[in-house]
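Please read the structure below before turning to the comments.
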Amino acid sequence: MAHFTTSSSFPYIVLLLLVPLLGSLAAVLLPKKHSETARWVGIGASVVTLGLVIAMTIAFQTTNGGYQFVSQHSWASELGISWISGIDGISLFMVGLTALITPIVLLGASEKKRTKSYVAWMLLLEFACIGSFVSMDLILFFLFFELTLIPSYFLIVGWGGPKRAAAATKFFIYTFAGSTVMLVGILYVAYQHHQQTNQLTFSLLDLMATRYSGVAGVLLLVAFTIGFAIKAPVFPFHTWSPDTYGEAAAGTSMMLAAILAKLGAYGMIRFDLSLFPHASSVVAPVMLTLATIGIIYGAIVACAQKDLKRLVAYSSLAQMGFIVLGTFALSEQSLTGAVFLMLSHGIITAAFFLLIGWIAQRRGTWQLDELKGLQGPAPILAALFTVVMLASIGLPGLAGFVGEYLILIGTFVTHQWWALVATFGVVFAAIYLLWAYQRSFQGKAEGANASVKDLTMAERAIVAPLILLIVLLGVFPKPFLDRITPSVDRTLNQITIVNCNPHLVCGSNLLGGHTGMGTQSEMGK
Amino acid sequence: MNLLASTIAMPNIDYLALSPEIILLVGATLVLLATSLVRGGMKRNMATGITLLLSVAALIASLLQWHRVSTQGATITIAKAISMDGFSAFIGVTIACSMILATLIGHVFLERERITTPEYHILSLVAASGAIVMAQANDLIVIFLGIEILSIALYVLVAFNPLRGESGEAALKYYVLGGFSSAVFVYGIALVYGATGSTNLGQISDFFAQNQLINTGLLYAGIALLLVGFGFKVAAVPFHVWTPDVYQGAPSPITGYMAAIAKVGGFAALIRVFIAAMGSQASTWQPIIYALAIATLLLGAIVALVQRDVKRMLAYSSIAHAGFILVGIEVGTLAGTSAALYYLFVYSIMTIGAFGIVTVLGGDGDGDHDLTRYRGLARRQPWLGGALVILLLAQAGIPFTTGFLAKLGVVSAAIQGGSWPLALVAMLSAGIGVAFYLRVAVIAVLPGQPEMDADTDTPASAVSAATSRSQTGLLLEESTTTQSEEAIVNVPLLGAIGIGLATLTTVVFGILPGPLLDFANSAAKIFQP
Amino acid sequence: MSIPSSWYLILSAILFGIGIFGVLVRRNVLVMFMCIELMLNAANLSLVTFSRTLNDVGGQADVFFILVVAAAEVVVGLGIVVTIFRRRATANADEISSMKG
Amino acid sequence: MNTMMVLATTKTIPDLLVFFVGAAMILVGAVGVIISRNPVHSALCLVLTLFGVAVLFIEQQADFLAVVQVIVYAGAIVVLFLFVIMFLGVDRTEELGEDRLRGQRPFAVALVLLIVASIVALGSEAKWSGGASSVVGPNQGPYQNVADLGKAIFTDYLFAFELTAGLVVIAVVGAVVLARRSADSNSDDADAQLLSAQGQPEGVDQ
Amino acid sequence: MSLMNLLASGDPLYANGVNWVVILIVVIKVLLSFGICLVSVMLMIWGERKIISDMQSRIGPNRAGPWGMMQTLADGIKLFFKEDLIPDKSSRFVFKLAPFLSLVPALVVFAIVPLGGVVTIGGYTTEIQVADPPMGILLALALSAIGVYGVMLAGWSSGSKYPLMSSVRASAQMISYEAAMGMSVLTVVLVTSSLSTRTMVDSQGGGPWHWNVIRLGVVPFIIFLMAAIAETNRPPFDVVEADSELVGGFHTEYSSIRFALFYLAEFLNTVTMSAIMVTLFFGGPSGWIPPIPHLQWLFPILWFVGKTVAFCYLFIWLRGALPRARYDKLMELGWRRLIPLSLGWMLLVAGFLVSPWWGLGMIVAIVIGGVILGRAFKLGSELELSDTAVLPPVAKRIVPPELVRDLSDRDEKDESGS
């Protein structure tokens, strides 16, 4: 496995994790009065993290599809758990997204009440998310994956709408239940590996060489996927998400929709495809169907929403559907598209929630019925909202387009009918978003709506990076695609090998796959 | 005929092997003696101090044992009655640590209830020695004596609070069921003795090694009865009926202490008897433990969901914990045993810590343990509330706490051992568990007074509404309480140290689990041939 | 051999059963204590019988310890009853139940 | 003329007699314990059972235990029971007719029958024994019984013996802690309690 | 077989197997000893009344028979024909059972006492003793433990308050003194290495210097004596039937033949305890035997009777000479003095039996233990008398008002009684 990993002399990953963690601690330990200081500590920490990520992106070897900056230490070796972390083209941008969104949340969507703990939880959430994206040990991943629950839980409970406690509990129970199933899956994978090699390990690279019988593989894949699907969320595991997005504070919603949702999708790409290449292709039609239903369902329900945040929540569901579609279409283009859409959707949703948060700040509501004609008093806000909205619809030249396009193209190659149905999703997106825009921004502003102030310079500065990235991703996606593609290729290679050449599978120790007569006969048909 | 003529060859005694018991038991006696020799009795602080010293000494003795075992191997001493091995050293450390924490927390209780006599400490020292005896015992009758020393001390401790009627009642319930289980256990000993010809675990194990039992009926009956006896001691369903009442009625620090060491002792003896001595008969006892584990996991978690009293909730949660430990034992492999051991340690610390907070919040008379009391705790007292939240989440098995690794270890062992459904049930129970731990945690985190000016209910209707909600499922009532901001609870220094240590252990070993896992693993190795 | 050991053991099993029944059914705690004593005696009888059939004095030594334990246990149990009685004048288990459960 | 000798070698009659007398004492006593409505009667029946057990101990050459059984159980434990019953005046009769939980009694009967039946079935399956013999040492008859037992206790069971010392100490401490009146609870006067409690036993005729 | 083994040990009578003659001999022995018991009780009662009268300058019984010797018999006949009253509130069965529970253990204990040496009748050699079980002296302890049931149950079943208090006292007192008694017996067992009374007596043969009372130091004997007095509820430790406090104690409600049985049991207990003391500490039947042919068997019996009578006299003398002990003093004596003392002495004896050095070590240990205990007792009594007493002394106990009402008419009586 050595050729898959490249380590680095500079401890990027450790620093990447330490900075937010220490920032969080510092924020907690500050005296009560210094809430503003705490905020700046948080912003500082997250900006430093962002800097580190940018440095890493530059240092990243574009042609290498394997893991880079790998750090490996012995940890709870009795249980077979070790500290292995690294970054490849897929996780790089997820980490980047996390590092980008956090400072923006702290700058633009900070809370006045109990700022100290807000900042601390935010940074802890960032820490946990980055940790999950860089973990190459299954248990380590699980630890971070679970750890995201705690800060997000407290963020939801602590700040937001009146029904937030119920929403938070719903969120926690759903996701926790999902991950328990996943844990059993993880343990069984390790157990299988233990049986085959007599070595107890949870390292992803080692476990990739494990073989499963056909049924076990599918069951395991399902166990993993349930955990991820709830987190993502994928239809029909999405029911927690509108409530939670709707009740949580704007900043929290940004983190949840932009980053945590990606954690689920990332998990599918990273673990489902790598560990169970054969089962993935078996299960793919089901997943594609769910994804397509999600796209259409999300879009239709979004049409019926009277609440901007819930609307974005359902639109997110549709977008996540696209990502899953791209993932399980199992073609290079679609997978690349999925990763790219993860990035761009993260940015777009963050921008959405940020802007909605600002609207809510000004108007005290985000109900579509109560908003009208904001265009007049707040033209810049309207303009920015338009850009984000168009990107979300998938207008060429903006971020959303590239991802959706690649996904649809890639899916069409392998599974054309699903691709055709999914295309309707784009149309629906255009309908509900434009409709929402029309209802809230156009028309004649009256009453409270007329006195809405436009964005301040500070706010414009805060949202600027997001808008710039939306444009940049749409216009010049190459640097991103360069880094994504090799890793995607490597991931897909296994599936191709497994599915095209059964003989190779049986002889292959390297890439694993499956064993047994049953599977081979399955191959035959 | 003349006894004087024939000298008796006294067995060899390895005093290091006995040192923890001797320190605790003799120490307790000396404290008792000193009390009666000092005019006006021993001062409370003095007694606490001495008890702490003794506990630390026992901890050191256990560590010395560990050192000896790891350099020179295990020993069996006093006519094979006691074994000193990694396992006993690990349990010794666990019990000594529990003892230290419980003493710190107990002092808070004694101070608040103005109890001046040192019997509390004496009894807890003796109880600890009983538990250690159970862990070291290499003979069924010694295990029985250990159980009794532990139980008798605990019966009295449960009845310790003279001002609360519930305390005596709890003691009585505990006593009746404890005595009952002891009797069943003894009958089990008798049948096993009949089936194998000895009560010595080493002899029993040799007997199985040298003989092939054709008629196993007597042994089966004996094993079943022993398991029933142990089941009562460790509160496995369906032998758990005493637990909630006793936990609720006992003084809070005692509840924590009891929940920890009675289980540690019980499980230690259970592991020793079944895995060490009757490992070859695993096919006999495994199914029983399997069933017990499933019932325990599910019932503990489900019933805990609907509790309003924090102590009862924690009682049911401790039942669920027992289920997890049983999972580790059922597997019977090295991984399973070591996971169970690790779980025991972790569980003890977390439980004592949690009950420490319950003690502090219990108020004068130690009677106020309703959930509403915890509302907004983390807002009012971030440190105390934080510790509570951490300890609860750790019990729920949240990552980067010891609780997670403990659950992981057990479930992982179950899967490796092929006990699939058990692992799934365990995960399910953990999932349900999250709900009820979270419920308390949420209440602690939510504001003490509703932020929104919701309609102000009368207290009665608020409570009934809360109860009805609790019965329908999770309650996260936002606007039930009408009481004014609760007073800040004073946390005495020793109590703070105790709770802090427990919390710290839970977190630190959760992040750096290596040493403890190593310890548990090598402690469990003794049982592998 | 004189009387077959099975007679003793069946007798002791019956005694044990009667003891359990008493603990389950009787509500007077003192009688419950006595029933526990019955169970212990059943165990003792079994131990002595096995001690005879195995020709091993170990079983008798066990009985010796069980006797001591029984005495110690009863002392504490009665102490608890006395404590409770100070509060309410009953030894009936049903009346001693202010806690639910 | 040697019928008794014959009987003695082929055993039976005296032994059978002793066994059945002992067994009858045990069973009658045990049943008496659980069906007596008055705790004092229960205690008396318990004594009967204890005697029966002692008789069977003697029959099985455990003389020392038989005597100790009487001294400890009958002489101390049951006396203590009676003492507490009388001291607290809780010797009123209990209504046995009522059933606290519906169906509790049939359930208990079924459970107990199940337990006893399975023990008996399992035991007889195993021919009631099967262990290694004389692990600790043989029992060498009446005059050696105490010596054998003593030797076993001070060698093989030395640790257990020492533990019982601890056990007894803790029982004493515990009893004192429990029985001690706290300075501020005031209704605990022993004589007063005795007088205030109804001193009347309630006989069968009530 | 096992039962036969048990019989075959000890008495040479069973050495050659059991036949009808053996059984006949045993029956005769049992009947004889029963007769001896009854006669001795009769004489004991008469003796006590006579001697006490002498001490109190009265005449005492003098009508029935020579010197009034038949007085007891007359009383017995009278009691036998009196109406048998059973109180309405009593628990009938227990009420009837209690006297027998009192009497039977007293009778049975006598069976293990060796009355003399060995006799040979028609080729059958037997010990002059009903039974010589291997557990002999423990049997005596066990039976004396059973004896308390008679007293306790009699008091309880009477359905009356004073007898009930007597019961409670009796149970507490019995348990308290049993420990001290057991430990003083243990010293004897230690030097004899046997529990059989016959062996004990044999080991004391060879003159008074071998008697246990000398060998063991006088202390165990004193302890045993005091414990025996308490166990038999004899004055000065007769708080159980203290007529000034409790009317008549446990037998207040008894009359007629049932009362006679209690009476019988009490005096029989006195005789038996004397006999056991003689056996344990004074060599039993051993003593100088004059060289008279064919009567060799008689002298041990005479020695035994003589010694026993001396102890019976001691019991009577104590009754005449000493005032009744207060109940709390009695308990204090038992727990605080006798039990530690007997324990210490037992350790001492055990130590010296092992080796002199062990004995000296034990002395040191006992001295240290004694000092510690003394200090603890002293502090304890101070605590008891202080204001912050955890256990308030009797006079200071706070009694709730409703009880005060209940008790107000009895307070005087209680005080005068104690």
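Lettering of chains follows the sequences in order, A, B, ..., and the numbering in each one begins at 1.
A distance of 10.0 Å separates CE in A/Met182 from CE in B/Met427, rounded to the nearest 0.5 Å.
The closest side-chain heavy-atom distance from B/Leu428 to A/Thr180 is not below 4.5 Å. Side chains of B/Leu438 and A/Phe176 form no contact here, defined as non-hydrogen atoms less than 4.5 Å apart.
For A/Phe154, the part lying near chain B is the side chain, with the backbone staying farther off; criterion is any non-hydrogen pair under 4.5 Å. Proximity to chain A (any heavy atom under 4.5 Å) is restricted, for B/Ala396, to the backbone atoms N, CA, C and O. If you measure heavy-atom distances from A/Leu183 to chain B, the contacts under 4.5 Å come from the side chain alone. Contacts between A/Tyr188 and chain B at a heavy-atom distance below 4.5 Å involve backbone atoms as well as side-chain atoms. For a residue to count as touching a neighbouring chain, one of its non-hydrogen atoms must lie under 4.5 Å from one of that chain's; by this rule B/Leu517 touches chain A with backbone and side chain alike. For chain B, the nearby part of A/Ile139 is the side chain; its heavy atoms alone come within less than 4.5 Å.
Summarising the local packing, CH2 of B/Trp383 is surrounded by 12 or fewer heavy atoms from other residues, nucleotides or ligands at distances under 6.0 Å.
Ranked by heavy-atom pairs shorter than 4.5 Å toward chain A, the options B/Leu512, B/Asn521, B/Ile415 are led by B/Ile415. Interface remark: of the candidates A/Leu149, A/Ile150, A/Val181, A/Ile150 forms the most heavy-atom pairs closer than 4.5 Å to chain B.
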Check against side-chain contact (heavy atoms from CB on, under 4.5 Å), A/Leu200 and B/Gln416
CA-CA 10 Å; A/Leu200 184 63; B/Gln416 279 181 48; 3.4 Å; yes
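Within residues 401-411 of chain B, the residues approaching chain A closer than 4.5 Å by heavy atoms are, in numerical order, B/Phe404, B/Leu405, B/Leu408, B/Gly409, B/Val411.
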